[in-house]
Peer 1: 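Let me give you the structure first, and then I'll get to my questions.
When reading the values below, keep in mind they use all heavy atoms of this one structure, side chains included, and skip hydrogens, waters and symmetry mates. The structure displayed is predicted, hence computed values, not measured ones.
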Amino acid sequence: MRGFRGRGVPRRPELGGARSVSMEDRYNAAAVEQKWQRRWEEQRLYDVEPDPSRPKFYCLEMYPYPSGALHIGHTRVYSIGDLIARFKRMNGYQVLHPMGWDSFGMPAENYAIEHGIHPAVSTYANIDTIRAQMRRMGYSYDWRREVACSHPGYYKWTQWLFLLLYKKGLAYRRKAPVNWCPRCQTVLANEQVEEGRCWRCESEVQMRDLEQWCFRITAYADRLLDDLKLLDGWPERVKTMQANWIGRSHGCEIDFPLAGRDGAIKVFTTRHDTIFGATFMVLAPEHPLTLELARGTPQEAEVRAFVERMSHMTQRMRTTLNTKQGVFTGRYAVNPATGEKIPIWTADYVLMDYGTGAIQAVPAHDQRDFEFARQYGLPIRVVVQPPGETLDPGTMTEAYAGEGTMVNSGQFNGLDSATARERMADWLEQQGLGRRRVTYRLRDWLISRQRYWGAPIPIVYCDRCGTVPVPEKDLPVLLPDDVEFTGEGGSPLARHEGFVRTTCPQCGGPARRETDTMDTFVDSSWYYYRYTSARDEHRPFDVDAVRYWLPVDQYIGGIEHAILHLLYSRFITKVLYDEGLVPSPEPFQRLFTNGMVVMGGAKMSKSKGNVVSIEEVVSNYGADTGRVYILFAAPPENDFEWSDGGIAGVHRFLQKIWRLMQRYRAGRDGMGTAESGADREAAQRIRRRLHQTIRKVTDDIDRRWQFNTAVSALMSFVNDLQDYADQLPAARQDRDVWDEAADALVRMLAPFAPHLAEELWEQMGRTESVHLQRWPSYDPEIARDEVVTVVLQVNGKVRDRITVPAGTGEEELRRLALENERVRALLDGRQAARVVVIPDRLVNVVTAAGS
RNA sequence: GCGGGCGUGGCGGAACCGGCAGACGCGCAGGACUUAGGAUCCUGUGGGGCAACCCGUGGGAGUUCGACUCUCCCCGCCCGCACCA
């Protein structure tokens with residue numbers, strides 16, 4: 001493959017004397033990287049402003065939570081993003097490439113509780129550390145646009161956003177059951193509950209109803225689902241996850257009248273076709289009717305005890321019990337289809353916050369109802385018969401949930417179940433018994449946090465005026481600095497009298513502030529707008545700037561945000577879009593979810609002690625080596641295993657380029673014009689390989705997103721170039737070809753190894769940064785192979801290879817194949833039954849059918 | 001259980017539209033240079049066989065002149081969701 005190697009030609013002829021290169025023999029990454037980082041900063045090389053005369057490209061990586069230090073996983077995301085940003089810049093785009101900090105959140109507050117260091121102090125120290133590390137990696141951010149969501153200049157506008165939603169009726173307060181730790185006196189997020197216990201003090205977590213602020217994301221459920229169709233540039237996987245999360249289902253809401261008293265129980269079902277098979281009903285334990293119905297029945301005490309027991313159990317605890325539990329309420333309802341009296345139960349498998357919190361139980365056709373019926377001896381009635389089978393309630397071992405023919409269903413008997421679903425919906429609506437309904441799995445977004453380190457919710461409670469939003473002119477509602485972090489007794493804000501006590505913006509009377517802060521996902525749901533005018537003090541963002549830059553052309557981040565952050569951002573964007581503040585209904589045109597970096601098979605994490613420090617990589621090999629390695633080690637969507645050997649190999653590659661370029665510079669004056677046949681051919685071959693490499697690298701970056709193969713293409717080309725330098729004395733090498741190759745190679749290197757490329761570029765006598773140059777283009781004519789290897793097969797097996805001019809015709813190839821010695825020997829006098837010719841690729845000689 | 005993805009040398013991976021399996025790199029072996037090498041360079045490196053050749057992309061079938069690639073079944077691993085009515 002490497003055409004020039006291994007032919008016994010003396011190695012390394014003069015070419016300026018490879019061993020006597022007067023410049024540094026080795027690339028000194030530390031010195032060069034520092035030099036250029038300083039210069040880029042002095043020149044404000046990566047600052048960018050809108051330029052309507054040029055196409056824009058908004059390249060965004062998910063902003064990080066500023067934990068102690070940058071780790072390898074981070075650098076993967078940023079190295080990919082920086083590659084794309086630099087590549088697009090070199091292709092003539094005006095590239096917005098900003099960075100900021102998701103700097104509110106619980107870890108800083110917990111750190112404060114444990115170490116007595118104020119979250120603001122530790123957070124800003126961490127930011128300084130990470131920013132410095134990012135600079136050492138050489139990422140091309142416009143740092144003037146840096147945002148930190150914990151900065152009052154930022155959260156003022158997060159509060160503005162809250163008020164906007166409040167005004168639109170999309171922010172509201174409601175009682176919601178939450179995980180509550182009685183010892184810590186605070187709410188816990190689901191992920192902070194481990195097997196029913198508080199992660200910090202191991203107390204048993206309770207369910208508690210608390211007043212909570214919510215965003216009405218469910219009002220956008222349809223649009224969030226339907227607009228997924230607009231997102232061509234998103235991974236199917238993420239779209240599927242969002243669609244499942246939203247969980248739209250079409251069905252009916254049906255009223256089941258109570259027997260012997262007024263009132264009815266509303267249920268939601270997607271299988272209203274099975275209503276004739278509803279032999280009992282089940283209410284969620286939390287359903288408001290559960291206790292009410294049981295009152296005065298012999299079952300009252302039992303129901304009361306059951307509901308009480310369930311109230312302490314989280315959803316997770318209920319689910320992990322494999323058996324369903326329930327009790328009879330002592331009351332009956334009337335099946336509106338059959339007129340029968342059916343018992344009303346309450347059970348743990350019915351959830352209050354889905355549908356209506358009550359179900360019609362059709363044990364023959366729902367597996368959960370079936371299990372429950374078998375366990376408690378409730379009747380089972382088949383109303384859908386599967387094709388070619390007759391179900392018998394007595395012998396069934398599981399529910400039949402599929403389609404079939406209606407039986408035991410009055411006037412609907414004989415219909416197929418899909419048709420029956422439509423007819424019965426019509427019938428229910430005509431009879432006033434029910435109505436078609438769409439239900440979602442998606443819940444409203446609970447944004448209250450009983451925590452200090454977040455954006456205060458800008459609401460005031462006044463005895464006279466009630467709930468009053470803080471006027472926009474009074475924003476931001478500042479977080480007080482002087483609070484105590486004890487870890488006991490809930491939010492420090494609630495105990496801070498100076499914060500809580502205020503006056504009502506409406507009547508001027510005494511009032512109390514809301515002490516909950518917002519979920520950090522609110523902060524991150526709009527930060528990509530703030531980048532467009534990060535220091536604007538008068539509005540959340542400059543609408544014109546947003547119109548120029550948005551939507552984000554490429555968003556890059558981990559799969560862990562497939563639902564949360566990405567769904568919330570889409571929601572907030574739609575709210576802003578409806579206000580006419582942003583130009584598109586979707587924030588992120590294309591989304592890329594990169595794989596993790598693992599070590600010893602496990603995700604790198606401090607607690608596992610398998611963290612590779614980025615400092616170590618930079619000081620051992622330099623930032624460029626780290627960047628190229630991370631791009632080369634695996635396709636960007638794969639997880640990959642960090643390997644010390646692998647990074648050393650990449651370092652060798654960069655050193656090899658350095659040495660080769662020093663040889664080129666030293667030997668350049670002695671080079672010629674490669675006129676003789678063999679020399680001409682060698683030079684042309686290099687030129688062809690160069691143009692092929694440009695084609696490959698460009699396509700790999702731009703279309704295929706296969707940076708690993710782009711790097712390997714560069715490696716191959718460098719190998720070829722080195723062979724060329726090794727095989728011929730300088731005088732026989734072509735200076736023009738060398739100049740063209742060196743120029744294009746350094747340009748292509750620029751997005752991968754920006755410091756090395758910049759240094760080489762300067763050495764070549766260029767005065768303007770390589771990062772402001774155009775990406776090299778290739779000439780398809782020059783890239784075209786002149787000769788190709790054509791494979792000769794006999795009955796599909798490779799028997800020989802021949803070299804022919806590219807574009808050799810079918811007839812000629814057939815002739816060459818049939819005349820080929822090896823082919824003839826294998827044919828052994830037999831006739832070719834068929835000859836398949838694929839020009840420039842292969843000839844397959846087939847002797848007989850089926851052989 | 002449901003949904004999605006993935007199985008290729010000792011390792012990471014390549015093979016883009018059905019056409020040379022293993023590019024590029026790591027590792028390993030041998031060699032050159034060297035006081036030295038953890039620098040650099042050269043050669044070799046899927047398995048079997050002296051060779052012709054045979055086998056080989058998780059396993060089995062199928063379609064095809066031809067399958068890592070397409071279809072079906074099975075096995076294994078990973079991810080997501082999980083009592084959502």
Peer 1: Take atom NZ of A:K239 and atom C1' of B:rG5, then tell me their distance rounded to the nearest Å.
Peer 2: 16 Å

Peer 1: Pick the P atom in B:rC68 and in B:rU57, then give their distance to the nearest Å.
Peer 2: 7 Å

Peer 1: Is a salt bridge present between A:R688 and A:D785, judged by a nitrogen-to-oxygen distance below 4.0 Å?
Peer 2: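 Salt bridge: yes.
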
Peer 1: Picking from B:rA85, B:rG25, B:rC41, which would you name as closest to the side chain of A:R659?
Peer 2: B:rC41

Peer 1: Please confirm whether A:R441 makes a cation-pi placement over A:W245, using NZ or CZ under 6.0 Å from the six-membered ring centre and within 45° of the ring normal.
Peer 2: yes

Peer 1: Take the protein atom CD of A:Q722 and the nucleotide atom C1' of B:rC42, then report the distance between them rounded to whole Å.
Peer 2: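 Going from A:Q722 (CD) to B:rC42 (C1'), I get 11 Å.
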
Peer 1: C1' atom, B:rG13 versus B:rG46: distance in rounded Å?
Peer 2: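 Rounded to whole Å, the distance is 15 Å.
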
Peer 1: Using a cut-off of strictly less than 4.0 Å, decide whether A:R441 has a side-chain nitrogen or oxygen near OP1 or OP2 of B:rC83.
Peer 2: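 Checking A:R441 against B:rC83: no side-chain N or O falls below 4.0 Å of OP1 or OP2.
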
Peer 1: As a test of the definition: with a 90° window around 0 for syn, would you call B:rG9 syn or anti?
Peer 2: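 What B:rG9 shows is a syn base, its glycosidic angle lying within 90° of 0.
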
Peer 1: Taking OP1 and OP2 of B:rG25, is either one under 4.0 Å from a side-chain nitrogen or oxygen of A:N719?
Peer 2: yes

Peer 1: Are any protein N/O atoms closer than 3.5 Å to N/O atoms in nucleotides 6-13 of chain B? If there are, list each pair with its distance.
Peer 2:
unit_1, atom_1, unit_2, atom_2, d
B:rG12, O2', A:A633, O, 2.5
B:rG13, O3', A:N708, ND2, 3.3

Peer 1: Checking A:S643 side chain against A:G646 main chain: does a donor-acceptor pair fall under 3.5 Å?
Peer 2: yes

Peer 1: Treating a pair as Watson-Crick (purine N1 to pyrimidine N3 plus N6-O4 or O6-N4) or G-U wobble (N1-O2 and O6-N3) with both distances under 3.5 Å, list the stems of 3 or more consecutive pairs that involve RNA chain B.
Peer 2: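 Result, WC/G-U stems under 3.5 Å: B:1-7 with B:75-81, B:10-12 with B:24-26, B:27-32 with B:40-45, B:46-48 with B:53-55, B:58-62 with B:70-74.
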
Peer 1: What integer number of Å spans the C1' atoms of B:rC77 and B:rG58?
Peer 2: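 Their C1' atoms lie roughly 11 Å apart.
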
Peer 1: In whole Å, what is the span from the CD1 atom of A:I701 to the C1' atom of B:rC16?
Peer 2: 16 Å

Peer 1: Please give the distance between the C1' atoms of B:rG19 and B:rA29 as a whole number of Å.
Peer 2: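 To the nearest whole Å, 34 Å.
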
Peer 1: In whole angstrom, what separates A:D353's CG from B:rC83's P?
Peer 2: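 Going from A:D353 (CG) to B:rC83 (P), I get 11 Å.
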
Peer 1: Looking only at the side chain of A:R799 (C-beta and beyond, no hydrogens), which of the listed nucleotides B:rC53, B:rC42, B:rG25 gets closest?
Peer 2: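 It is B:rC53.
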
Peer 1: Short question: side chain of A:T279, backbone of A:P379 - any donor-acceptor pair under 3.5 Å?
Peer 2: yes

Peer 1: Which whole-number value in Å describes the distance from A:Q242 CD to B:rG4 P?
Peer 2: 18 Å

Peer 1: Mark yes or no for whether A:S79, through its side chain, and A:R627, through its backbone, hold a donor-acceptor pair below 3.5 Å.
Peer 2: no

Peer 1: Without decimals, in angstroms, what is the distance between A:E236 CD and B:rG4 C1'?
Peer 2: 11 Å

Peer 1: With a 4.0 Å cut-off on N to O distance, would you call A:D348 and A:K324 a salt bridge?
Peer 2: no

Peer 1: How far does the P atom of B:rC17 sit from the matching atom of B:rG12, given to the nearest Å?
Peer 2: 24 Å

Peer 1: Side chain of A:R652, heavy atoms from C-beta onward: which of B:rG27, B:rC41, B:rA85 has the nearest atom to it?
Peer 2: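 For A:R652, the side-chain atoms sit closest to B:rG27.
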
Peer 1: Under 4.0 Å, heavy atoms only, any strand: does A:R704 hit a base, just the sugar-phosphate, or nothing?
Peer 2: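 It contacts base atoms.
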
Peer 1: Whether A:R822 contacts B:rA52 is assessed here as follows: a side-chain N or O lying under 4.0 Å from the phosphate OP1 or OP2. Is that the case?
Peer 2: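 Answer is no, no contact under 4.0 Å.
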
Peer 1: If each of A:I559 and A:V798 is mapped to the nucleotide of RNA chain B with the nearest heavy atom, which maps nearer the 5' terminus, i.e. the 5' end?
Peer 2: A:V798

Peer 1: Does the distance from a Lys or Arg side-chain N to an Asp or Glu carboxylate O, for A:R799 and A:E821, drop under 4.0 Å?
Peer 2: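 So A:R799 does not pair with A:E821 through a salt bridge.
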
Peer 1: Need one value for A:G645: base, sugar-phosphate or nothing, where a base atom within 4.0 Å counts as base even if backbone is also close, heavy atoms only.
Peer 2: sugar-phosphate

Peer 1: Take atom NE2 of A:H651 and atom C1' of B:rU40, then tell me their distance rounded to the nearest Å.
Peer 2: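 Going from A:H651 (NE2) to B:rU40 (C1'), I get 14 Å.
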
Peer 1: In whole angstrom, give me the gap between the P atoms of B:rC73 and B:rG5.
Peer 2: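 To the nearest whole Å, 14 Å.
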
Peer 1: Given B:rA85, is OP1 or OP2 found less than 4.0 Å from the side-chain N or O atoms of A:T439?
Peer 2: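 It does not, given that no N or O in the side chain of A:T439 lies less than 4.0 Å from OP1 or OP2 of B:rA85.
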
Peer 1: Examine distances only and state if a side-chain atom of A:D444 and a backbone atom of A:T218 form a donor-acceptor pair shorter than 3.5 Å.
Peer 2: yes

Peer 1: How would you label the contact of A:V350 with the nucleic acid (heavy atoms, under 4.0 Å): base, sugar-phosphate, or nothing?
Peer 2: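 Here A:V350 touches the bases of the nucleic acid.
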
Peer 1: Is the shortest side-chain N to carboxylate O distance from A:R685 to A:D723 below 4.0 Å?
Peer 2: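 Between A:D723 and A:R685 there is no salt bridge, as every charged N stays at least 4.0 Å from the carboxylate O atoms.
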
Peer 1: What is the distance, rounded to the nearest whole Å, between atom CG of A:L654 and atom P of B:rG25?
Peer 2: 13 Å

Peer 1: Would you indicate what A:T269 reaches in the nucleic acid, counting non-hydrogen atoms under 4.0 angstrom: base, sugar-phosphate, or nothing?
Peer 2: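 Counting heavy atoms under 4.0 Å across all strands, the contact made by A:T269 is with sugar-phosphate only.
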
Peer 1: Say you pick atom P in B:rA21 and the same atom in B:rC26; how far apart are they, in whole Å?
Peer 2: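 Per the computed distance, 25 Å lies between those P atoms.
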
Peer 1: Do A:D700 and A:K696 sit within salt-bridge range, that is, some charged N less than 4.0 Å from a carboxylate O?
Peer 2: yes

Peer 1: Could you tell me whether A:R374 and A:E371 have a side-chain N and a carboxylate O separated by less than 4.0 Å?
Peer 2: no

Peer 1: With nearest nucleotide decided by heavy atoms, which residue, A:T240 or A:G649, maps closer to the 5′ end of RNA chain B?
Peer 2: A:T240

Peer 1: If you compare every side-chain N and O of A:R834 against the phosphate oxygens of B:rC65 (OP1, OP2), does one of them come in below 4.0 Å?
Peer 2: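 Yes, such a contact exists.
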
Peer 1: Nearest heavy-atom pair of A:F372 and A:Q325: which atoms, and what distance?
Peer 2: CE1-C, 4.0 Å

Peer 1: Tell me whether the OP1 or OP2 atom of B:rG19 has a side-chain N or O from A:K797 closer than 4.0 Å.
Peer 2: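 The answer is no; no side-chain N or O of A:K797 sits under 4.0 Å from OP1 or OP2.
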
Peer 1: Using the C1' atoms only, state how far B:rA36 lies from B:rG49, rounded to an integer number of Å.
Peer 2: 42 Å

Peer 1: Measure distances between side-chain N and O atoms of A:R703 and base N and O atoms of B:rC16, and say whether any donor-acceptor pair falls under 3.5 Å.
Peer 2: yes

Peer 1: Choose from B:rA85, B:rC83, B:rG19 the nucleotide whose nearest atom is closest to any side-chain atom of A:D348.
Peer 2: B:rC83

